[in-house]
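Worksheet: the structure to be examined is printed underneath.
By convention in this document, chain letters (A, B, ...) are assigned in the order of the sequence lines, proteins followed by strands, and residues within each chain are numbered from 1.
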Amino acid sequence: MLIGVLASPTDKRVGIIPESVKKLSQQGFSVVVESGAGEKAYFPNAFYEEMGASLNSREEVLKQSDILVSVEAPELTELTALGDKKIVVSLFNPLVETEFVSQIQSLPIHAFSLDRIPRTTIAQSMDVLSSMASLAGYKAVLVAANHLPGYFPMLMTAAGTIPPAQVLILGAGVAGLQAIATARRLGARVSAFDVRSAVKEEVQSLGAKFIEVEGAQEDADAGGYAVTQSEAYKKRQQALIHDQAVKSDVVITTAQIPGRTAPILIFKDTVDSMKPGSVIVDLAAISGGNCELTQNDKIIQHKGVTLIGNSNLPGEMSNHASKLFSNNCVNFLSYIFPEGKGELDLENEIVKGTLIS
Amino acid sequence: MLIGVLASPTDKRVGIIPESVKKLSQQGFSVVVESGAGEKAYFPNAFYEEMGASLNSREEVLKQSDILVSVEAPELTELTALGDKKIVVSLFNPLVETEFVSQIQSLPIHAFSLDRIPRTTIAQSMDVLSSMASLAGYKAVLVAANHLPGYFPMLMTAAGTIPPAQVLILGAGVAGLQAIATARRLGARVSAFDVRSAVKEEVQSLGAKFIEVEGAQEDADAGGYAVTQSEAYKKRQQALIHDQAVKSDVVITTAQIPGRTAPILIFKDTVDSMKPGSVIVDLAAISGGNCELTQNDKIIQHKGVTLIGNSNLPGEMSNHASKLFSNNCVNFLSYIFPEGKGELDLENEIVKGTLIS
Amino acid sequence: MEPIITFISENLVMIYVVVLAVFLGYELISNVPTVLHTPLMSGANAISGVVIIGAIILLRQADPSDFLALGLGFAGIVLGTINVVGGHAVTDRMLEMFKKKK
Amino acid sequence: MEPIITFISENLVMIYVVVLAVFLGYELISNVPTVLHTPLMSGANAISGVVIIGAIILLRQADPSDFLALGLGFAGIVLGTINVVGGHAVTDRMLEMFKKKK
Amino acid sequence: MTIQLLVDLGYLISVILFIVGLRRLSSPKSARSGNLLAALGMGLATVITLFMPLEQAQDAMIAYILILAGIVVGSVIGWVAARRVAMTAMPQMVSIFNGLGGACAVAISMVELQGIQTAYETGQGVAGGVHFTALMAMFVGAIAFTGSLIAYGKLQGLINDRKVRLPQPTLINLILLLVLIGGITYKMVDPQLPYTLVLGIMGLALVYGITFVIPIGGADMPVVISLLNAFTGVAAALAGLVYGNQVMLVGGILVGSSGTILTVLMCEAMNRSLLNVIIGGFGSTGGAAAAVGDQVAREISANDAAILLRYSNQVVMVPGYGMAVAQAQKVAHELEEVLEENGVNVAYAIHPVAGRMPGHMNVLLAEADVSYDKLKDLDDANKLLRDTDVVIVVGANDVVNPSAKDDPGSPIYGMPILDVLDSKNTIVLKRSMSPGYAGIQNPLFFHEKNRMLFGDAKDSLQKMVNEVRALG
Amino acid sequence: MTIQLLVDLGYLISVILFIVGLRRLSSPKSARSGNLLAALGMGLATVITLFMPLEQAQDAMIAYILILAGIVVGSVIGWVAARRVAMTAMPQMVSIFNGLGGACAVAISMVELQGIQTAYETGQGVAGGVHFTALMAMFVGAIAFTGSLIAYGKLQGLINDRKVRLPQPTLINLILLLVLIGGITYKMVDPQLPYTLVLGIMGLALVYGITFVIPIGGADMPVVISLLNAFTGVAAALAGLVYGNQVMLVGGILVGSSGTILTVLMCEAMNRSLLNVIIGGFGSTGGAAAAVGDQVAREISANDAAILLRYSNQVVMVPGYGMAVAQAQKVAHELEEVLEENGVNVAYAIHPVAGRMPGHMNVLLAEADVSYDKLKDLDDANKLLRDTDVVIVVGANDVVNPSAKDDPGSPIYGMPILDVLDSKNTIVLKRSMSPGYAGIQNPLFFHEKNRMLFGDAKDSLQKMVNEVRALG
Ligand SMILES: NC(=O)c1ccc[n+]([C@@H]2O[C@H](COP(=O)([O-])OP(=O)(O)OC[C@H]3O[C@@H](n4cnc5c(N)ncnc54)[C@H](OP(=O)(O)O)[C@@H]3O)[C@@H](O)[C@H]2O)c1
Ligand SMILES: NC(=O)c1ccc[n+]([C@@H]2O[C@H](COP(=O)([O-])OP(=O)(O)OC[C@H]3O[C@@H](n4cnc5c(N)ncnc54)[C@H](OP(=O)(O)O)[C@@H]3O)[C@@H](O)[C@H]2O)c1
Ligand SMILES: NC(=O)c1ccc[n+]([C@@H]2O[C@H](COP(=O)([O-])OP(=O)(O)OC[C@H]3O[C@@H](n4cnc5c(N)ncnc54)[C@H](O)[C@@H]3O)[C@@H](O)[C@H]2O)c1
Ligand SMILES: NC(=O)c1ccc[n+]([C@@H]2O[C@H](COP(=O)([O-])OP(=O)(O)OC[C@H]3O[C@@H](n4cnc5c(N)ncnc54)[C@H](O)[C@@H]3O)[C@@H](O)[C@H]2O)c1
């Protein structure tokens, strides 16, 4: 089967990196790459050729390939123009882009959305969301540290003592945990909050303080994802988060509920009372943001507080992000097409979870 | 004596912060602040007033004060308009700005340049260069990490193993050491190079590898600063640095020789052979840069390598930078004017070192 | 009481020997690491085979016609020797793993 | 040789006492931490004051007219008692610091 | 006279060899030489006893033949048995040996007692002390004899704890003991009583040895053996008193006292009292195995784990989420360091999904300053594991679950895991038998190569560090 | 008969009390009770000796008066001396006490020897063993007596090592020893020789005690005292043999053997051999003081430092560049942890310019995971230091240099420093007496509150950690 790797016009990542080309050919796939697809991720065309991939124009790649891989979903027109039985692997974000997805469902193609890989142990090697969330958590701290007009670590110097930065992480999923680890590395004091109480142990295992609000709803069937919470709980939570945020130099929010707008955790009056110079990084910006004032893909200043709503931090780390995406993708392809060919096992949990059309 | 705090038009730092106002008044000084002087460092006017400073326009501050404090040196015209016996404390950078300094030498004022504080143990609490270099070293790593399209730390994940970033630090003075510490914190493998072999122990004390070139010239009388090196040595050094740089993901250069253009340590062909995506941060940009391709205050891309020539990284951390500057300044003022008044002791080493007119 | 008192004063020094040996036995092994419990037990067990000394004396003193004494003495020697030889040998095997390094 | 051999076989059990006591003395203190060297030395020194037992026996056996014996015996008792009482008291003072915690 | 001096000195040297031997036996570095020294002492004592002048010696030809034949036969049997026995069956072997020693004491005491009986009956005087001593030697030896045999049976699996039971064991034993003491006192008060009484005492003592051990759980047998070993020592010492033989006396006492202390130490190591072991019988919880369903996971003590590690060449640690929870990364690093100091190679095998976030283990181990070079990823680790002596699984579970390879029905079937079973031994550090994130049971825990070390991972590791340090 | 039994048992109990006492004395937790038990044993033995039946007892009134008077006088003197003596002068006191014990042995042996002399002269037989034993008791006691007095003089500073010297000490001592042995042998071979010979032997032995100790350096006196203490023990044991007294014999032997081992251990702790101490004399380098110019910095061992720390309430560590060089941050943290486990509060005082870059110490301590709350900046630290028992200066120098406050001529005069001298004790960990970055000498090192612990900071800290752990 021929795998076609498409460039992503607005994303710096690429779906398959040169290293993976080799692995795929060993498994019986051949690979054709849209010229320049890896450029922004620092994988020039030459690297692909070295590994045995052929280069071609976007049109040719779309036409020739049996399987199309792209970080950004291809245009609807492009998908419509595809022949029968073609397979498209990408991030379709079906819970949000419902309209787009319903349109492609009528097409005679198999579209796999890698962001729907189930969060089970066996599927972890294909779990793009985990890989990307981890990158985002790391990067969020770096961005915050870069915007903070001061040090993260404590320093006792001849020109006075610099206290350690206070960092508050809201939502301790994969991104939140990675953010905790990174902030702690840089020497900050870190506290974290999450509705899922199971996370407490995980937060503490990284040396951060867990802020507890009593009475959270939990749903064991939600597959690790959070569920919406009661009103009384939300009040208590809001007060506690306000108190913590006001004391913090950096707040990083990662709270998301799949398929819904993100919960608002930081309200305007909290931002108003924060120290001038503080920084908020909102990783939930794309689904509305955890902060009332967040604007997606914008950096704004509000009364001396910097609010960063970058929704694609992994894209900023295009090289490693592509590497991880590519590995996930290879694992996925070799899982659903063992030895480079074969029919789809539509009963398989992973196939069922990711197949959106 | 009245201290006037001036705003710096092109620098985000402020010379005296509100906290210091209190200390200064306890020592018998009073303080007047140019309105908005602390704004960019997140010290709004209100904070100054709370601490008992008065606010005024720039003209009034220039007119009233006995002592003027400014991070950026005031304009020559402003200095000329000052009355007799006025004292100006600032960063004049006299070794480079020779022309400017020779002009103010003819004025009837006392100008102190805080960047000329001798590097002795007793003077460390006034040593602005140390405070700022430390900030620059820290920030350089953050900026590099932010520009690097990947992780710093090693990560073994389900989507593959990310090796730790290789960081090379050239010049292990105050900034270099702080950069080493910060890069190590973030999980990078760090090597460092310096002409002064005494630094070896200091580099190792921070857990980094020291790269040794044999046969460096040293001058014990240079007061801790480096001296220029022989030709043969430079060749060996160049080859070694080339080999190291090519293997590195991040190179941070801090090598400087006071009053001279910075030595070139990274040549164009080295940059040519570096991995795409690598980052070079050149802290010596203002004195010509340690990299042949560096452009002062610019970020350029060269064959996939990002070259950052930001000469005022401490200014990016305006809040803490101002705090440290201000503390240094207060220590300096209380040292040369014990109890808020008195004649200058022109025999004193620190006074002698810093007084440029 | 009388015979016991006589016994004690007659064997006073012997009692000192016993008391000192008891303390010594205690002190000798009071710091043994747990890993050596079994080998030490085995080694001590081999030492407790000193009873063969008694069996030897018994046989040497035995009347050649006293078949009971001869028989029991012989049995004693065989049993005791197994205890001693087997005990030391088995201990040595247990301790083999300690010889490897350092 | 003869008297020594006689001495040995006559005092055989005594010799066992001595040998066992020597080993016991060794084992008792072989694990002492360095910090206790001085107090232990001092405590042992107090015990070595047992010689007063000898002095007491001497005086009890002394002829009341034997002034040399009486004098030396008295001296012995005074000296020995100083050793014992002073020794234990000084050891106790040294060890006072250990009582503070736990 | 001079010969007597040589004999005395020789005996003294034997005793000193016993002392030094025991001393050296209690430290790992010198233990082997200690055993040899003790054996040397024994040999010396035996040779001296063979040739020393003996007042009542008959030194019959037949006696010497029997002595030599006995020594040869005993040596061969003992040697062969000791060499042949499997490493795992050694405790049983020790038990048997000990029983034989006890039997030897019984044999000689019976002969002496008969002599004493004859003496009494013929009206010759015998010191009351000697009579009493001989009776006690027989009594104690008999308990050691049958008790050891039962202990052997239990360890060997010949006697099943659950099947062979005694009703009211404590009561029975108490009564037996009282009857025995009564019998001995009776015989002492009236030494003229017939020899049958002595035989009866012997018979009862042999029975008591059985009933004493039967109620005690199989897992506690090592303690019982140690105690019975002390009994044999005491029997030997008592026999020594009978013969006025210094070597037997001191040697026996040394074994008796050190054996007793050792027994107490062994109980302490199991966190129980000696009384609890002896009376507790089946009620005891200290079994060395944790069972889930009908599968049994065997436990290991921190000490035994430490020795296993200390004498390995290659050790691999597999950290998991439990290491993070226990915050055990620093102690893990400490264990690594102390093992490396002892010439053991240590590496960490990092499974890609260990922990709860990508790179979780990396973050923690970097915090503990573990060198990057020691971290092996899945492929390298699995190669290394084939040459690994011991794997320490520090709070990992799913990532070392062999069902991912063997059990197509498992939800994690197909996931690559760390093949820890390719190594020679594995030790799993966790708090209980509860499953990991995936919620599935782990067959590794029940594998014969595996031992469990229950408890918080940090505590367990710290204990292992201390034990390895103690090994010097 | 029953009384004799009581006496025998009482003596036995005394001996057991000595044994248990010595045992407990060798562990910090039980040391005090050990001392009391030993004292109890001594009291018991004394009381028994006062009242026990004694074959040759004259039990004259005057004798009993003298005994009681002697005990009262001795007790009062001993008690008062022990209570009055300054903590620092205790070793001297022990030395004196030991000397008196030796003198006591000499006194009683001389009386016994005279008795023996009379017996020989009047033709009554005396066992050769007793004669020899008494002579040895006198000989050994005499050495202990004068030797201890010299040791006292050296420690008290009354005898100056450098002024009071012996030419060819080894030779002199060898000759003296040979003459003494010759004298004793001579007297043994011909017991009829006059008593003057005995007096001569005593005189020479007293001299030998002096010449034995004189050549040994003052710093080695503790070892010498321990050795002489063993001598006194042997003398007591020998006297015990003379009187056939078990308590004296066993008590003396115990002291003799444990004293000898203790001496060896003390030498080992100084990394020297006993021979080296005795023969080495002045050549020895193990002096407990390092001198620069005419100032002397006193040293402390890791053990003594550990005990100082373990029994403190507040400890402050002052890290400096040396900690960075030694990479000792983790061990420092370990020391902190083990001290905190023992209820000691530990903080770190961070001087703003410690190390070689701003925040150098912060970076390292964060790496070792030291809690931020434990880091005190200059002002807080200086407040805390006033209530601090022990300050450990870990490779810092300039930042704790008191010349910055006291010496207007110093180049760092006026710099704020950490006022470590406000605490009760300071211990400086560094490798040598060389200065720090500023290149100036540090008067702290020579201050009486300060002790130096030379060596790499990491090693020194590790040793302290081990020692504190050993204290249990
Ligand atoms: N890496 C990721 O990104 C990620 C993210 C989410 C989920 N996961 C999943 O997490 C699992 C990771 O596997 P794993 O082997 O690391 O962990 P695991 O399978 O979850 O097992 C952890 C084990 O540690 C033990 N434990 C917990 N606390 C302990 C303590 N204080 N001391 C000693 N043991 C302790 C627990 O047993 P006891 O309770 O008996 O002590 C438990 O069995 C995988 O299933 C993976 O899919 C991974
Ligand atoms: N903080 C800054 O930004 C900065 C920058 C440049 C200079 N300085 C200067 O550096 C000094 C800092 O003071 P400080 O007290 O930290 O250090 P210091 O005065 O330089 O003294 C460090 C001491 O550590 C000892 N040492 C070195 N290696 C050691 C080892 N492995 N183990 C044990 N000890 C070791 C050295 O003595 P031995 O050789 O005898 O062991 C030395 O005396 C000040 O004078 C300061 O002005 C500071
Ligand atoms: N099986 C696997 O191996 C595997 C792999 C990856 C992730 N996971 C699990 O999946 C789960 C979700 O991970 P994710 O990072 O994708 O989550 P996510 O991005 O959906 O959400 C991020 C976090 O925000 C929290 N959150 C939601 N609403 C909140 C609110 N109102 N206030 C505070 N916090 C709120 C969630 O609990 C979650 O922890 C995690 O438990 C993770 O461990 C499992
Ligand atoms: N006394 C004090 O307390 C005190 C305070 C601050 C700094 N200092 C000392 O002053 C010295 C200079 O510090 P700085 O950071 O201001 O130095 P700097 O900024 O002048 O130079 C930075 C580093 O570059 C190095 N360098 C110069 N030419 C080089 C070349 N060709 N190749 C490689 N490296 C080269 C220098 O050796 C120096 O280490 C340091 O030793 C520092 O410890 C002392």
Side-chain angles (χ1 to χ4, degrees), chain D residues 3 7 18 21-22 25-26 28-30 32-37 39-45 47-64 69-70 72 74-92 94-95 97-101, chain F residues 18 22-23 25-26 28 31-32 35 38-39 42 49 54 56-57 59-60 62-63 66-67 70-71 73-75 77-79 81-82 93-94 97-98 100-101 103-105 107-108 111 128-129 226 229 232-233 236 239 243 248 250-251 253-255 257-259 261 266 269 303 307 311 343 470:
Chain D
F7 185 77
V18 170
V22 165
Y26 173 89
L28 280 174
I29 67 139
S30 57
V32 66
T34 325
V35 285
L36 280 177
H37 282 177
L40 181 58
M41 173 174 92
S42 176
N45 170 46
I47 296 180
S48 74
V50 269
V51 270
I52 47 160
I53 302 287
I56 294 174
I57 297 179
L58 178 86
L59 271 180
R60 286 189 58 197
Q61 293 179 345
D63 194 314
L70 287 181
L72 281 178
F74 177 68
I77 285 193
V78 173
L79 299 176
T81 311
I82 296 178
N83 186 0
V84 171
V85 174
H88 283 300
V90 111
T91 310
D92 196 56
M94 286 181 194
L95 293 172
M97 66 182 306
F98 286 101
K99 82 177 163 197
K100 207 182 63 182
K101 272 181 284 180
Chain F
F18 286 165
L22 268 178
R23 170 60 173 168
L25 261 170
S26 65
R32 266 193 127 204
N35 185 43
M42 189 67 77
T49 314
L54 209 58
Q56 296 141 284
D59 282 344
I62 172 83
L66 284 177
I67 290 174
I71 288 179
V73 171
S75 297
I77 298 178
W79 182 263
M93 188 77 336
V94 174
F97 289 156
N98 187 52
L100 300 185
C104 177
I108 61 175
V111 176
S226 177
N229 176 32
T232 313
Y243 290 107
M248 288 173 75
V250 180
I253 294 279
L254 283 175
V255 174
S257 100
S258 62
I261 301 310
M266 286 166 102
N303 317 275
I307 200 142
Y311 291 93

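With chain F as the partner, the residue from D:Val32, D:Val18, D:Asp92 showing the most heavy-atom pairs under 4.5 Å is D:Asp92. Counting heavy-atom pairs under 4.5 Å between each of F:Val250, F:Leu25, F:Asn35, F:Ile108 and chain D puts F:Asn35 at the top. Top candidate by heavy-atom pairs under 4.5 Å with chain D, chosen from F:Ile253, F:Ile67, F:Ile62, is F:Ile67. Per-residue heavy-atom pair counts under 4.5 Å with chain F were compared for D:Val50, D:Asn83, D:Asn45, D:Val90, and the maximum is reached by D:Asn45. When D:Gly43, D:Ala44, D:Ala55 are compared by the number of non-hydrogen pairs under 4.5 Å with chain F, D:Ala44 comes out ahead. Looking only at heavy-atom pairs under 4.5 Å with chain D, the residue among F:Ala81, F:Ala38, F:Ala103 that has the most is F:Ala38. Looking only at heavy-atom pairs under 4.5 Å with chain F, the residue among D:Leu40, D:Ile53, D:Val85 that has the most is D:Ile53. For the options F:Leu22, F:Leu254, F:Leu66, heavy-atom pairs under 4.5 Å to chain D are most numerous at F:Leu66. By number of non-hydrogen pairs under 4.5 angstrom with chain D, the leading residue of F:Gly78, F:Ala239, F:Gly259, F:Cys104 is F:Cys104. Note on D:Val84, D:Ile52, D:Leu36: by heavy-atom pairs under 4.5 Å with chain F, the leading option is D:Leu36.
Taking all atoms of both residues into account, the shortest heavy-atom contact from F:Ser257 to D:Gly25 is OG-CA, 3.0 Å. The two residues D:Ala69 and D:Ala62 make their nearest non-hydrogen contact at CB-CB, 4.2 Å. Minimum interatomic distance between F:Gly70 and D:Val78 (heavy atoms only, all atoms of both residues): CA-CG2, 3.7 Å. Taking each heavy atom of D:Ile47 and F:Met42 in turn, the nearest pair found is O-CE, 3.3 Å. Contact between D:Leu28 and F:Ser26 at its shortest, heavy atoms only, is O-OG, 3.2 Å. Nearest approach of F:Ile261 to D:Tyr26, heavy atoms of both residues: CD1-CD1, 2.8 Å.
When D:Val51, D:Leu72, D:Ile82, D:Leu59 are each tested for a side-chain contact (heavy atoms from CB on, under 4.5 Å) with D:Ile77, only one passes: D:Leu59.
The part of F:Met93 that comes within reach of chain D is its side chain, from C-beta onward, which places non-hydrogen atoms under 4.5 angstrom from that chain. Using a 4.5 Å cut-off between heavy atoms, D:Val22 contacts chain F through both its backbone and its side chain. With a 4.5 angstrom heavy-atom cutoff, D:Leu58 touches chain F via backbone and side-chain atoms both. Interface remark: D:Ala75 contributes no atoms to any contact with chain F (heavy atom separation under 4.5 Å).
The closest side-chain heavy-atom distance from D:Arg60 to F:Gln56 is not below 4.5 Å.
For the 3.5 Å distance criterion, the side chains of D:Thr91 and D:Ser42 qualify, holding a donor opposite an acceptor.
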